[in-house]
Amino acid sequence: MMTYYVCRCFFSNNIFLKQYNLHVTYKDEEQFKHDYLQILRKRGCNTEEKIREACREIQKEISRRRHLGEESLKRRNVISSHYTPVHPEIYHLKEEYLASEFLALVQACKANKSASLEEIFDRIKVEKAERVYTFPIFTEEFCRLFVEELSHFEDSDCPKGRPNTMNKYGVLLNELGFDEDFLTPLREHYIAAITSLMYPDWGGAFLDSHKAFVVKYKLGQDTDLNYHYDNAEITLNVSLGKTFTGGELYFGDMFRPRETSNQNARFTEISHVPSIALLHRGQHRHGASPITSGERYNLIIWMRSSAVRNACCPMCFEEPDLVPTVGFGDGFTKQTETVDVCTV
């Protein structure tokens with residue numbers, strides 16, 4: 001079995017301070033104040049107590065990350081022992097859960113690896129944002145069952161981990177038991193056929209791990225998502241429901257290391273439609289506007305290619321300094337064959 005790792009920068013870089021809408025790097029308090037004090041003061045962090053509170057929040061997040069693998073494994077063991085699914089059949093991928101249009105798209109991709117892409121583009125919607133594509137993926141019935149399962153788990157007394165630093169409400173699907181028999185075959189046997197043609201320059205043919213989670217948006221909880229990029233080569237984002245208004249995705253420019261954000265970047269909005277998947281490059285910066293009513297559940301799959309990230313960590317843009325972890329980690333391996341996309 002392959003051993004996966006995280007880069008050491010995971011314990012210092014890209015820490016999100018939601019109150020100040022700021023991603024920071026934290027190596028020590030002196031460095032943090034030197035790099036961010038001026039901008040923090042402009043954003044309302046203008047007293048010594050507020051600065052100390054920001055540092056405590058960062059240190060708490062760093063501690064969470066250091067123990068992430070072992071704590072996730074503990075939660076998974078508890079859930080496996082104590083949680084009774086309401087729809088156990090959906091934990092195993094079946095083609096009847098997949099939209100007929102998606103199955104036809106996958107078949108066309110498998111048949112056209114070296115041929116023209118014209119037939120592919122007849123079966124996939126090319127959005128106005130560059131290299132962003134949408135297509136049906138699941139049946140409406142599967143989405144309904146999936147959301148019912150997630151709601152049932154949320155109502156249980158089982159321990160729950162949050163998806164990431166930006167989303168406080170949702171479910172880590174590996175802990176719930178969806179990885180082995182649902183998500184891994186979905187990535188390997190279906191999605192990879194599409195990404196190998198759409199993103200050959202981003203490791204689309206060599207996606208060997210993933211992080212999958214469901215995020216939930218609801219008034220009084222998380223309602224939006226700040227502008228960011230993903231720790232992934234390619235991201236799949238599927239709207240599952242329920243009923244909601246607002247919450248459009250918006251895409252701007254690509255993240256590039258050591259460059260300031262393009263203040264003149266044009267934003268393209270794309271509406272979420274239940275059962276429809278949206279595919280984009282992980283470093284394509286994006287966000288989600290606030291929902292204005294209802295609840296929204298989205299399945300997010302960060303797909304990683306060790307052949308790409310082994311050469312260059314997508315978070316610190318250096319050769320990764322590997323730290324062993326549990327599970328897929330952040331998708332790094334000790335393989336020597338790599339694909340360099342740091343300059344793409």
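Model, not experiment: these values are computed from the prediction.
- Side chains of E127 and T134: a donor-acceptor N/O pair is present below 3.5 angstrom, by distance only.
- Contact check for R123 versus F135: no side-chain heavy atoms found under the 4.5 Å cut-off.
- Judged by the 6.0 Å distance and 45° axis criteria, R66 is positioned over the aromatic ring of F11.
- With sequence neighbours left out, H87 forms a ring pair (Phe, Tyr, Trp, His ring centres under 6.0 Å) with no residue at all.
- Judged purely by distance below 3.5 Å, without hydrogens or angles, the side chains of H286 and N237 never pair a donor atom with an acceptor atom.
- When the salt bridge (Lys or Arg N to Asp or Glu O under 4.0 Å) test is applied to R52, the partners found at least two apart in sequence or on another chain are E49.
- The shortest heavy-atom contact between T184 and H210 is OG1-CE1, 3.4 Å.
- For the pair L279/T195, a side-chain contact is recorded, criterion being any heavy-atom separation below 4.5 Å from C-beta on.
- Annotation: side chain of Y227 is in contact with side chain of Y250 (closest heavy-atom distance under 4.5 Å).
- Aromatic ring centres of F102 and F142: separated by at least 6.0 Å.
- Between the side chains of T25 and S12, no donor-acceptor pair of N or O atoms lies under 3.5 Å.
- Side-chain contact check for H228 and R285: no donor-acceptor pair (N or O, by modelled atom type) lies under 3.5 Å.
- Between H280 and F251, the gap from one ring centroid to the other is short of 6.0 Å.
- Members clustered with I62: I15, L17, Y20, L22, V24, Y26, F32, Y36, I39, L40, I58, by chain and number, using a 4.5 Å side-chain heavy-atom cutoff among hydrophobic residues.
- Other residues sharing the hydrophobic cluster of Y5, ordered by chain and number and joined by side-chain separations under 4.5 Å: L322, F332.
- Looking only at side-chain heavy atoms (C-beta outward), L240 and C143 come within less than 4.5 Å of each other.
- Defined by atom type and a distance below 3.5 Å, a donor-acceptor pair is missing between the side-chain atoms of S289 and D224.
- Side-chain contact of S305 with D208: a donor-acceptor pair under 3.5 Å is absent, judged by distance alone.
- For F138 and Y97, the gap between ring centers reaches or exceeds 6.0 Å.
- The aromatic ring centres of H284 and Y229 sit 6.0 Å or more apart.
- For the side chain to side chain donor-acceptor pair (under 3.5 Å) test, no residue two or more places apart in sequence or in another chain qualifies with E57.
- At a cut-off of 3.5 Å, with distance as the only test, a side-chain donor of S72 or E175 sits close to an acceptor on the other residue.
- K216 and E154 make their closest contact through CD-OE2, 3.2 Å (heavy atoms, listed as atom of the first residue, atom of the second, distance).
- Checked by atom type, the side-chain pair T235/D230 shows a donor-acceptor distance below 3.5 Å.
- Contact check for R281 versus I234: no side-chain heavy atoms found under the 4.5 Å cut-off.
- Side-chain N/O atoms of R75 and N77 include no donor and acceptor closer than 3.5 Å.
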Checking E248 against R296 for the salt bridge (charged side-chain N to carboxylate O under 4.0 Å, His left out) test, could you report, in this order, the C-alpha distance in whole Å, the side-chain angles of both residues, the deciding distance, and whether it holds?
CA-CA 11 Å; E248 294 82 4; R296 175 159 70 86; over 6 Å; no
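- Taking the centre of each ring, F244 and Y217 stay at or above the 6.0 Å mark.
- Between F153 and Y83, the ring center distance clears the sub-6.0 Å criterion.
- Under a 4.5 Å side-chain heavy-atom criterion applied to ILVMFWY residues, the cluster that includes I51 comprises L37 as well.
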